[in-house]
Amino acid sequence: MNPSITQKERIISLDIIRGIALFGILFINVGAFQVLIEGGPMPDYSGINGMIDTLIKVFIEKKFFSIFSFLFGVGFYIFVSRAESRGDKPRLRFFRRLMALLLLGIIHIFIFWGSILAVYAIIGLFLIPFYHAKISTIGKWLGAIICLHIISNLIMLFASDMGLLTNFITFLSNDVIAIFIMFLSGFLAAKAEWISHVSNWSKQIKWIQAGTVPLFIGFSIWIWVSSQANSQSLNTIIALGVLPTTLFYLSTLFLILENKLIRKFLQPIARVGQMAFTNYVAQSIIGQVIISILGLEAVSPNDIIIISILIYSIQIIFSIIWFKYFKMGPLEKVWRFMTYGRSASQSPK
């Protein structure tokens, strides 16, 4: 554990986690890069493919998007606090940033129908009112929303019909609420300075890690069994396991990345995370090109593993080379220009 970790090293840690999240997201998105046609070839889920698919559901599905969402919330606080320190209008500037993301996200939908960017932009609007809220207030809101989300999922799991409340319960159990929970969690962690002083909070983080281990194991077994039984409640069970699993992953990563040698070893992954916007969009383009070259009409879980590793390897190499000559990714430059209305080189750092 290194108590004298610098702010620059802290940002590298966030980039590493962001890069890891992008790798996990690939295992979910690759299968969706090839649009299935009714009556056409379907992915093979027999044998080893079925086992891989189950493992993806247990360890990856929704969890790495949640990590990515948490870091979006952290990024929101960093962005608006820096804007305010410059004498800028932080909430107005962030609104403009979200509108730029919305536009870019809509464009990306024409490339990949499953793009999350436009959804992030819309959900991100609901973070703005929390900027000047007290930490205790944010904590209360977050706790209430988490409780409603969990209760709603439990109702979805055990009650098939809630009458007039069905639509309301369905909304509260939706992934949109889960994304906002992680947005707000990341924002709270950054505002409370838990992110910038991990070593000071290591004891509490270890308690979170220890407390989520049994839940992580329990939900992993539950998801595995439900998947093997083709349970109709599988998606709800996965949704219930997202929060404890994500907290376990994040607490473990933050503690591990306090080690300077590990951070140095994972520097190539930090480069991928440093240009996460560019790499997220590029994944869908590279993936579709690879699928086309391989002539795959349907992407099976075994194909997902191979293609994900191939895409990520390309992105690690490209990101390392890119940052030898440039300070930010190409789409990050576009996003910055749309946010500030001037060249990226003149924009605030």
Side-chain angles (χ1 to χ4, degrees), residues 1-28 55-56 58-75 77-78 181-183 185-221 223 241-276 279-280 305 308-309 312-313 315-317 319-320 323:
M1 205 61 80
N2 182 5
S4 60
I5 183 170
T6 65
Q7 184 62 26
K8 182 179 180 181
E9 289 171 322
R10 180 70 59 211
I11 293 173
I12 290 173
S13 295
L14 293 175
D15 285 335
I16 290 171
I17 297 174
R18 193 176 286 110
I20 292 171
L22 279 171
F23 186 46
I25 287 170
L26 266 172
F27 288 89
I28 303 303
L55 289 172
I56 289 174
V58 170
F59 297 109
I60 297 175
E61 189 168 332
K62 302 190 183 203
K63 286 85 171 180
F64 285 84
F65 267 117
S66 293
I67 294 174
F68 206 62
S69 301
F70 177 88
L71 294 172
F72 184 94
V74 173
Y77 178 76
I78 293 173
I181 286 172
M182 297 315 300
F183 277 8
S185 298
F187 173 66
L188 175 61
K191 185 167 185 174
E193 299 187 344
W194 300 337
I195 299 296
S196 56
H197 298 93
V198 170
S199 58
N200 295 340
W201 295 93
S202 60
K203 185 176 180 180
Q204 290 85 345
I205 294 173
K206 286 177 181 177
W207 276 110
I208 292 173
Q209 185 186 45
T212 52
V213 165
L215 292 172
F216 165 67
I217 294 173
F219 274 107
S220 296
I221 295 172
I223 293 169
V242 167
L243 185 58
T245 301
T246 303
L247 285 174
F248 172 69
Y249 286 172
L250 283 170
S251 59
T252 301
L253 286 169
F254 276 120
L255 290 172
I256 289 174
L257 292 173
E258 286 295 285
N259 186 295
K260 189 173 183 177
L261 290 175
I262 294 176
R263 285 199 308 277
K264 185 175 181 180
F265 178 74
L266 296 177
Q267 181 67 32
I269 292 177
R271 289 304 191 189
V272 176
Q274 195 174 342
M275 50 191 288
N279 280 321
Y280 175 75
I305 299 293
S308 295
I309 293 173
Y312 201 70
S313 299
Q315 293 196 308
I316 288 176
I317 295 169
S319 299
I320 291 172
F323 282 110

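Within the 4.5 Å cutoff, the side chain of Phe183 has heavy atoms near those of the Ser69 side chain. Between Ile67 and Phe70 there is no side-chain heavy-atom pair separated by less than 4.5 Å. Inter-residue side-chain proximity for Lys206 and Leu255 is flagged as met; some heavy-atom pair is nearer than 4.5 Å. With a 4.5 Å cut-off on side-chain heavy atoms, Ile78 and Leu14 count as touching. Between Ile25 and Tyr280, the closest side-chain pair of non-hydrogen atoms falls below 4.5 Å. For the pair Met182 and Leu243, the minimum side-chain heavy-atom distance is below 4.5 Å. In this structure the side chain of Leu215 never reaches within 4.5 angstrom of the side chain of Phe248, judged on heavy atoms. Glu258 has its side chain within reach of Ser199: a pair of non-hydrogen atoms, C-beta onward, lies under 4.5 Å apart.
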Give the intermediate values and the outcome of side-chain contact (heavy atoms from CB on, under 4.5 Å) for residues Tyr312 and Ile269. CA-CA 9 Å; Tyr312 201 70; Ile269 292 177; 3.4 Å; yes

Trace of the side-chain contact (heavy atoms from CB on, under 4.5 Å) decision for Thr245 with Phe59: CA-CA 8 Å; Thr245 301; Phe59 297 109; over 6 Å; no

Mind running side-chain contact (heavy atoms from CB on, under 4.5 Å) on Ser13 and Arg263 for me, showing each step along the way? CA-CA 7 Å; Ser13 295; Arg263 285 199 308 277; 3.1 Å; yes

Test log, rule side-chain contact (heavy atoms from CB on, under 4.5 Å), inputs Leu257 and Leu266: CA-CA 9 Å; Leu257 292 173; Leu266 296 177; 3.9 Å; yes

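Residue Ser308 comes nearest to Leu26 through the heavy atom pair O-CD1, 3.5 Å, listed as atom of the first residue, atom of the second, then distance. Residue Glu193 comes nearest to Trp201 through the heavy atom pair O-NE1, 3.9 Å, listed as atom of the first residue, atom of the second, then distance. Here the shortest heavy-atom pairing between Thr212 and Pro244 reads CB-O, 3.5 Å. Listed here is the closest heavy atom pair of Lys62 and Val242: CB-CG2, 3.5 Å. When all heavy atoms of Phe323 and Gln274 are compared, the closest pair comes out as CE2-NE2, 3.5 Å. Closest heavy-atom contact between Ile60 and Gly24: CG2-O, 3.3 Å.
Between the CG atom in Leu247 and the CD1 atom in Ile205 there is a gap of 11.0 Å [rounded to 0.5 Å]. Atom CZ of Phe219 sits about 9.5 Å away from atom NZ of Lys63, to the nearest 0.5 Å. With rounding to the nearest 0.5 Å, the separation of CG in Leu22 from CE in Met275 is 10.5 Å. A distance of 10.5 Å separates CD1 of Ile262 from CG of Leu253, quoted to the nearest 0.5 Å. Rounding to the nearest 0.5 angstrom, the gap separating the CZ atom in Phe254 from the OG atom in Ser202 is 13.5 Å. Rounding to the nearest 0.5 angstrom, the gap separating the CD atom in Gln204 from the OG atom in Ser251 is 12.5 Å.
Judged by distance alone, the side chain of Glu61 and the main-chain N or O of Ile56 form no donor-acceptor pair under 3.5 Å.
In this structure, the ring of Phe64 has its center no less than 6.0 angstrom from the ring center of Phe23.
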